[in-house]
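Counting convention: from 1, in listed order, for ligands and their atoms alike. These numbers come from a predicted model, not from an experiment. In this chain, residues are counted from 1 in sequence order.
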Amino acid sequence: MRSSNFRRYPPSQSLLVGAAILLGSLMSLNQAAALDNGLAKTPPMGWNSWNAFAGTIDETKIKQIADIMVSSGMKDAGYVYLNLDDNWMANPARDSSGNLRGDPTRFPNGMKALGDYIHGKGLKFGIYGDRGTMTCMNVPQSGSYQHEQADAKTFASFGVDYFKNDNCNPVGNIQTDYQNMQKALASSGRDIVYSVCHPNGYSDWMQSTGNLWRISGDIVDKWDNGTNFYKGIINLIDANASLASHAKPGAWNDPDMLEIGNTGCTTEEYRTQMSMWSIMAAPLLAGNDIRSMSQTTKDILLNTEVIAVDQDAAGIQGTRIKATNGLEVWCKPLGSANGTTKAVALLNRNASASNITVNFTDIGLSGSASVRDLWAKADKGSFTDSFSMSVPSHGTGMLRITVGGGAGGSGSTGGTSGTATGVGGTSAQGGATSSGGSGTKSSGGTSASAGASSTGGSKSTGGANPSGGSSASAGGSSSAGGSKSTGGANPSGGGYGTGGTSGTGGASTGGTTNASGGASTGGVANNSNGGTTNSVATGGSQAGLQPGVGGGTASDVGTIARDAGSGESSGCGCRVASSNSRPGLSSTLVVLGLALWQLRRRRLGETRRR
Ligand code: GAL
């Protein structure tokens, strides 16, 4: 296990961290443009040395880890980054030319040779550094402050593919330091994923700076560590819950690395970490000694169906949509924000097993849906309106729920993200991202079959509740699902009035005038999510719509329907559009004031603790 000697943050910082998280939440109203370096389009996956070994790393051990990453199936499952954490450097860390170098005793062949070995295994090489004067293990000269350009070049010369930049011993301005390194990496001549490791909560500049950014203090191998700076699994889930709107392909909230297999938690708790990290589209960096992992640990880390949720290309961070007496329902749209497939996590925080129910309308679906249990790796069958299952204490049920199924021939349910594999079956229905087949009734989810005039094919996306109310059918001449539908020139919810009385949030984005949001989910007033005219929908009585995507000029946070039981839910139909969520001047000033106050406190705190 790791040694606590290397820890650097006194517990007394928990108040500060709380304030930082509050600040992060406030600032989350103001999205920044994400870093666009073309990397980490899905959350990075790999292994990191810190949780298992702390500073005791050497070439032999790391090569063994590389071997096992391949032979255990981890690489094939997507765990490709092999990341060295603190203490790979020599002491002092720089050579006579001022360049960082590996410890010559523990890494006798040097870092380039190690990188070559890792690459030879088909893996990628990650390394660790610090934006201050020394890393957190206080290795002399190890910090990159004012060495950014040279260090980025050194990393590139080692063959580094991923760089984690920590926050110890700072002397400069935090944002400037992290951004200087970002620029240096960008001009290093190598594609290097950039991990901003500033563990005091989210700040707005992080999204435009790193491919991922830490959202809290370090993880410890515990379920619940209270309000301590070091976080247990459940604490990190809570810390990350309100940050979903910042995540997108290439830019991820990082609730820290996995502890799965490190023995401090139960199997169910580790299964919860895997489930919830995947629902939250978090980086999956294993942190156990994989040379000796049990079959149980392997089964958790290598569940490819759960991994697929994390790695879904749409890159949407799931949200908590219901929380009642310690029983929670979380939802992550798969394929697209408004599609017909959702990953659902049923999380039991309590001390005994309980039944947890997901209502399909709460996740933007309706009618009958097929349910797959991702831990049991079993189809549970078709269910109408809701699905319940018993979830053990601290465990998480992990489901994939699909309305429609992939396109297919008559009777076929098709795949989860079917793309018209079966063309033209008379009862074929569209899948999550299906564009439907060409048959007369193809495309669309169960509750909206294609109209008689449907031509199907590329014109008829449609989803769980393809935009359109009871009388609008996907593919119909004036309804969603046709060329005027979701994502088209007139996105559903547009002037054609999709989203009728039974229209659901998923389809009602971005309209121009009559925009959707039916009575059942979404705007109570049947108005305007993202519409140019009626910009302020108030949210539905059930979890429903978020501000319109791709639509008109103004909607505001009032459009986010919140589930009564939790603070951050916004339904599972679509994601917040950044352009629709700018705070007004006054709230910007408040946030700015808080930020300055926070920065000052933080810097004082940092100075004190160094
Ligand atoms: C912490 C960081 C850990 C680990 C450690 C190394 O600041 O959060 O993940 O990198 O430093 O000293």
Step by step, work out the ring pair (Phe, Tyr, Trp, His ring centres under 6.0 Å) result for W205 and Y178. CA-CA 9 Å; W205 54 266; Y178 275 105; 5.6 Å; yes

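- Within ligand 1, counting atoms from 1 as listed, the ones closer than 4.0 Å to a heavy atom of M257 are 9 (O).
- Between P43 and L212 there is no side-chain heavy-atom pair separated by less than 4.5 Å.
- Residue D85 places at least one N or O, backbone or side chain, under 3.5 Å from an N or O of ligand 1.
- Each of the following atoms of ligand 1 lies closer than 4.0 Å to a heavy atom of K164: 3 (C), 4 (C), 9 (O), 10 (O).
- The residues D161 and K124 are annotated as not salt-bridged, no charged nitrogen and carboxylate oxygen being separated by less than 4.0 angstrom.
- Here the side chain of S49 pairs a donor or acceptor atom with the backbone of D85 at under 3.5 angstrom.
- Contacts of C168 with ligand 1, taken as heavy-atom pairs under 4.0 Å, are absent altogether.
- Per-residue contacts place C136 under 4.0 angstrom from the following atoms of ligand 1 (heavy atoms of the residue considered): 7 (O), 11 (O), 12 (O).
- When each of F155, W47, Y81 is tested with Y162 by the rule ring pair (Phe, Tyr, Trp, His ring centres under 6.0 Å), just one qualifies, namely Y81.
- Counting the atoms of ligand 1 from 1 in the order shown, those under 4.0 Å from a heavy atom of R214 are 2 (C), 8 (O), 9 (O).
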